[in-house]
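Structure first, then comments.
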Amino acid sequence: MSETFEPKSEFLRVLIERGYVHQSSDYAGLDEKALAGEVVAYVGYDCTAPSLHVGSLISIMMLHWLQKSGNKPIPLMGGGTTRVGDPSGRDETRKLLTPEQIEANKEGIRKVFSRFLAFGDGRTDALMIDNAEWLTKLNYIDFLRDVGRHFSVNRMLSMDSVRMRLEREQELSFIEFNYMCLQGYDYVELNRRYGVNLQMGGSDQWGNIVTGIDLGRRMGTPQLYALTCPLLTTASGAKMGKTASGAIWLNEDQLSAWDYWQFWRNTEDADVGRFLRLYTTLPMDEIRRLEALQGAEINEAKKVLATEATALMHGRDKAEAAAETARRTFEEGQTADSLPTIAVPAAEFSAGLGVLSAFVRAGLVASTGEARRQVKGGGLRVNDAVVTDERAVIGAADLNADAAVKLSFGRKKHVLLKAS
RNA sequence: GGGGGAAUGUCCCGAGCGGCAAAGGGGGCGGACUGUAAAUCCGCUGGCUAAGCCUUCGCAGGUUCGAGUCCUGCUUCCCCCA
């Protein structure tokens, strides 16, 4: 669909070329607006966690490119909608968050955007809006009279998300049925208040976005547009950003720059090109060169990906530092003093610290039981020597010149215990 | 309103004659092989002061030497009839 379309605007050209585009309601119309620098676009974010994770990153990048090409981006905080709770995940009798929790989450989330967008009062400066601004004031009767009458249930029933549920005879709660009305209303309200004329989001949001456009037409807004991005999975089919050790959070207090760098460094071969396009701002010819690398050489491309992606999120300094720590740790096998470090009183070393509890202390394993099992599987190392005896003791003799011991869990996770 | 079913190891799915730390998957983690990749193979996947002890099968009681399993009440969810 988008392949046949030749965009004139920088905005659409970049987005299509880099793989952000899944579907649009009107490529040509949107292209005109973007060419004139008249696009004001928003993406909505729920405030269900204290930080966004990499799953949201693709849409943040879309806002970034939008602004770069001379248009205005608006990240919308779902302060109002989160109070209702998006039931999309279903079955998970989602407990409702308190307004205080939502407020705290919102603070955490908004920090991220300043790294990708320039805020201010200028024409293309980004605005941070919260839909609580209008949603919490809604009155049910008024809402039904002013907005509800424009929704066609016939049409809503024909939407994919709804129809699938009905055909499979799965539960579809009234509140869920209404969620798209609220989101549609957001779009109209954003248009009236801030001149928003484009909503972007994941392809699963298509129905909700189009509902908003439709509502706008009935309520007399100018023409609104939709643009969705593909829902990302890794080449082996895993959901983007969810790992066992938890989600890949964007905020540094949830996930360190080092771990963030490692996440990108461990990208599967097949994903490297795609990720370079989506998650870095490197020029396209550089990306084409990097993704053409074969075999082990593709590791070079992965390092670039990791450093560039981390630099966008946490700053170039921290990205370079992580790259350097990784180089020393993995390529030279030395102990880089910039590895995560935990302080332990010197007295404990002289008294002798049990290996099992040392690994628990370092946060590498969850319990001594797990440490015990890992010893059996040969997964623990102290100063690069495999631990074979679970009763071994770490003493002052194991400290290096810097008064630290290196504990390793598997090939990739290392922590320094430093005497203090 | 009436009738019938379901809830299991805090990641998910899911078996479980009254002796159970509880089958089997998936996912995850570790090992081997590699390139900090993928694929493949192997191991692990309640806690602890560890030949023992403690805590787990929706919640609260009860029967029993002994309860995930039987009984009673409650909660939540699903299905059918009205």
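Sequence lines set the chain letters: A, B, ... in the order given, protein chains first and strands last, and positions in each chain run from 1.
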Practice prompt. Report the distance from atom CG of A:Asp259 to atom C1' of B:U36, rounded to the nearest whole Å.
Written response: 13 Å
Worksheet, complete the sentence: Across every strand shown, the nucleotide meeting Watson-Crick or G-U wobble geometry with B:G1 (both distances under 3.5 Å) is B:C81
Worksheet item: Rounded to the nearest Å, what distance is computed from the CG atom of residue A:Leu356 to the P atom of nucleotide B:C44?
Response: 18 Å
Worksheet, complete the sentence: For A:Glu107, the side chain to side chain donor-acceptor pair (under 3.5 Å) test, sequence neighbours excluded, returns A:Arg110
Worksheet entry | Pair partner, B:A15 [Watson-Crick or wobble, under 3.5 Å] | none
Worksheet, complete the sentence: Regarding B:C20, purine or pyrimidine glycosidic angle vs 90° from 0 gives syn
Response to the item:
Hits for side chain to side chain donor-acceptor pair (under 3.5 Å) against A:Lys318, two or more places apart or cross-chain, chain-then-number order -> A:Glu252
Item to complete: Quote, to the nearest angstrom, the P distance that separates B:C59 from B:C12.
Response: 15 Å
Worksheet item: Atom NZ of A:Lys412 to atom C1' of B:U34: distance rounded to whole Å?
Response: 11 Å
Worksheet item: Given side chains that start at C-beta, do those of A:Asn71 and A:Thr124 come closer than 4.5 Å, heavy atoms only?
Response: no
Worksheet entry | P atoms of B:U34 and B:A51, separation to the nearest Å | 40 Å
Worksheet item: So, do A:Ile60 and A:Tyr279 sit near enough that their side-chain heavy atoms are less than 4.5 Å apart?
Response: no
Worksheet item: If you find the nucleotide of RNA chain B closest to A:Arg327 and the one closest to A:Arg381, which residue's nucleotide is nearer the 5' end?
Response: A:Arg381
Discussion item. Between B:C11 and B:C74, how far apart are the two C1' atoms, rounded to whole Å?
Written reply: 29 Å
Worksheet item: Of A:Phe409 and A:Thr267, whose closest RNA chain B nucleotide lies nearer the 5' terminus?
Response: A:Phe409
Item to complete: Just say parallel, tilted or perpendicular for the rings of A:Phe330 and A:Trp258, cut-offs at 30° and 60°.
Response: parallel
Item to complete: Would you tell me whether A:Thr307 and A:Trp261 have side-chain atoms, one donor and one acceptor, within less than 3.5 Å of each other?
Response: yes
Response to the item:
Residues passing the side chain to side chain donor-acceptor pair (under 3.5 Å) test with A:Lys412, sequence neighbours excluded, are A:Asn266
Worksheet item: Partner of B:A38 by Watson-Crick or G-U wobble geometry, both contacts under 3.5 Å, or none?
Response: none
Item to complete: Sticking with atom C1', work out how far B:G47 lies from B:A21, rounded to a whole angstrom.
Response: 11 Å
Discussion item. Using atom P in both nucleotides, what's the gap between B:G31 and B:A37 to the nearest angstrom?
Written reply: 10 Å
Worksheet entry | OP1 or OP2 of B:C29 under 4.0 Å from side-chain N/O of A:Arg411 | no
Worksheet, complete the sentence: Which of B:U36, B:C29, B:G47 is nearest the side chain of A:Lys413? It is B:C29
Worksheet item: Of all of residues 297-319 of chain A, which get a heavy atom below 4.0 angstrom from RNA chain B, listed by number?
Response: A:Ile298, A:Asn299, A:Lys302
Worksheet item: Do A:Gln183 and A:Gln205 meet the criterion of a side-chain donor-acceptor pair at a distance under 3.5 Å?
Response: yes
Worksheet entry | Rounded interatomic separation in angstrom, taking CZ from A:Arg274 and P from B:A37 | 19 Å
Item to complete: Please name all residues satisfying salt bridge (Lys or Arg N to Asp or Glu O under 4.0 Å) with A:Glu370, sequence neighbours left out, ordered by chain then number.
Response: none
Item to complete: Can you label the angle between the A:Phe263 ring and the A:Tyr260 ring as parallel, tilted or perpendicular, going by 30° and 60°?
Response: tilted
Item to complete: Using the C1' atom on both, measure B:G68 against B:C20 and round to a whole Å.
Response: 8 Å
Atom pairs, protein N/O to nucleotides 49-51 of chain B N/O, distance under 3.5 Å:
| unit_1 | atom_1 | unit_2 | atom_2 | d |
| --- | --- | --- | --- | --- |
| B:A50 | N7 | A:Arg372 | NH2 | 3.4 |
| B:A50 | N6 | A:Arg372 | NE | 2.9 |
| B:A50 | N6 | A:Arg372 | NH2 | 2.8 |
| B:A50 | N1 | A:Arg372 | NE | 2.8 |

Practice prompt. Take atom CZ of A:Phe330 and atom C1' of B:U34, then tell me their distance rounded to the nearest Å.
Written response: 15 Å
Discussion item. Without decimals, in angstroms, what is the distance between A:Asn266 CG and B:G28 P?
Written reply: 14 Å
Worksheet entry | Side chains of A:Tyr185 and A:Trp134, donor plus acceptor under 3.5 Å | no
Worksheet, complete the sentence: Under a 3.5 Å limit on both distances, the Watson-Crick or wobble mate of B:C44 is B:G28
Response to the item:
Whole-Å distance, A:Phe359 CZ to B:C29 P, equals 18 Å
Worksheet item: Over how many whole Å does the gap from A:Gln374 atom CD to B:C42 atom C1' extend?
Response: 14 Å
Item to complete: If B:A6 has a Watson-Crick or G-U wobble mate with both distances under 3.5 Å, name it; if not, just say none.
Response: B:U76
Discussion item. Between B:A38 and B:U56, how far apart are the two C1' atoms, rounded to whole Å?
Written reply: 38 Å
Worksheet item: Within the structure shown, what part of the strands sits under 4.0 Å from A:Arg265 by heavy-atom distance: base, sugar-phosphate, or nothing?
Response: base
Worksheet item: Roughly how far apart, to the nearest Å, are B:C13 and B:G27 at atom C1'?
Response: 10 Å
Worksheet item: Taking N and O atoms by type only, does the side chain of A:Gln262 place a donor or acceptor under 3.5 Å from a partner on the base of B:U36?
Response: yes
